[in-house]
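All values reported here derive from a predicted model rather than from experimental measurement. The sequence lines fix the lettering, A, B, ..., with proteins before strands; numbering per chain opens at 1.
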Amino acid sequence: MAAGLRAVRRWGLAAAAPPRLAFTRSAFVATKANNAQPNWLGVGLAFGTSAALWAFLIKQHDDDLVEYEKRKQARGHKCTECS
Amino acid sequence: MVFLPDESRSLPPPPLVNKGSMWLGFAGWLSALADNAFNQRPVFQAGVHRQVLLASLGFFVGYQLVKRAEYVHAKVDRELFEYIRHHPVDFQ
């Protein structure tokens, strides 16, 4: 991203003039990311997605445990060769 | 091709914390740290939401991969023991 801004300066377009179509190669030339102000939407989505992932994973694990125990009971361990 | 067939649920599920999930979770966290470094942000203190998300994603993918690996190994073992059972003469 810094390299793109340096390239823009080299082309003499750093004075707030919008890049002409012929020179534009990257969408990232348009805006400069501001790391000082939190992107609260992004933060919320990231934490929300993480929470949903963990909830799904833990629920799936518990369901798998219950299903395994149920199938073990149903099978009655007839096969003696497998562990 | 289903990633995890129904009969894989007859196997005991691997523990949540296993080599695959921990390693890929760590790799996800490292990639968030690398993203911080490449964008000239403080490596550990910036983008904690990003670190948490990528670590969780890695952990999740690692766990699913370990489950599939255990299923494939169990399937191969079952076929191996079936073959041994059907050809006892070769294994005296």
- Derivation of the side-chain contact (heavy atoms from CB on, under 4.5 Å) call for Lys67(B) and His61(A): CA-CA 11 Å; Lys67(B) 256 211 309 194; His61(A) 182 70; over 6 Å; no
- Item | Straight-line distance of Ser8(B) OG to Tyr68(A) OH, nearest 0.5 Å |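 Between Ser8(B) OG and Tyr68(A) OH, I get 13.0 Å after rounding to 0.5 Å.
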- Message: Please report the interatomic distance CG(Asp62(A)) to CG(Leu16(B)), rounded to the nearest 0.5 Å.
- Response: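 Atom-to-atom, Asp62(A):CG and Leu16(B):CG are 8.0 Å apart.
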How far apart are the closest heavy atoms of [X] and [Y], and which atoms are they?
X	Y	value
His49(B)	Ala46(A)	CD2-CB, 3.6 Å
Asp63(A)	Arg9(B)	O-NH2, 3.7 Å
Arg71(A)	Ser10(B)	NH1-OG, 2.9 Å

Taking everything shown except [X] itself, do over 12 heavy atoms lie less than 6.0 Å from its [atom1]?
X	atom1	value
Gln92(B)	CD	yes
Gln45(B)	CD	no
Phe38(B)	CZ	no

- What option among Thr49(A), Leu53(A), Ile58(A) has the most heavy-atom pairs under 4.5 Å with chain B?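 When all of Thr49(A), Leu53(A), Ile58(A) are compared, Leu53(A) has the most.
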Following the transitive rule for hydrophobic clusters with a side-chain heavy-atom cut-off under 4.5 Å over Ile, Leu, Val, Met, Phe, Trp and Tyr, establish whether [X] and [Y] coincide in one cluster.
X	Y	answer
Val17(B)	Phe26(B)	no
Val66(B)	Leu57(A)	no
Leu4(B)	Val61(B)	yes
Leu41(A)	Val52(B)	no

- Query: Parallel, tilted or perpendicular for Phe56(A) and Phe60(B), by the 30°/60° rule?
  - Reply: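 Correct class here is tilted.
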- Item | chain B contact via Glu69(A) - side chain, backbone, both or neither, heavy atoms under 4.5 Å |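 Glu69(A) has no heavy atom closer than 4.5 Å to chain B.
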- Measuring heavy-atom distances to chain B, does Asn35(A) have an atom under 4.5 Å in its side chain, in its backbone, in both, or in neither?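 Only the side chain of Asn35(A) comes within 4.5 Å of chain B.
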- Part of Leu57(B) within contact of chain A (heavy atom distance under 4.5 Å):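 Both backbone and side chain of Leu57(B) come within 4.5 Å of chain A.
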- Query: Side chain, backbone, both or neither: which part of Phe59(B) has a non-hydrogen atom closer than 4.5 Å to chain A?
  - Reply: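 The answer is the side chain of Phe59(B).
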- Item | Residue pairs, two or more places apart or on separate chains, that pass salt bridge (charged side-chain N to carboxylate O under 4.0 Å, His left out) and touch residues 22-41 of chain B |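 Sorted result for residues 22-41 of chain B: Asp35(B)-Arg41(B), Asp35(B)-Arg50(B).
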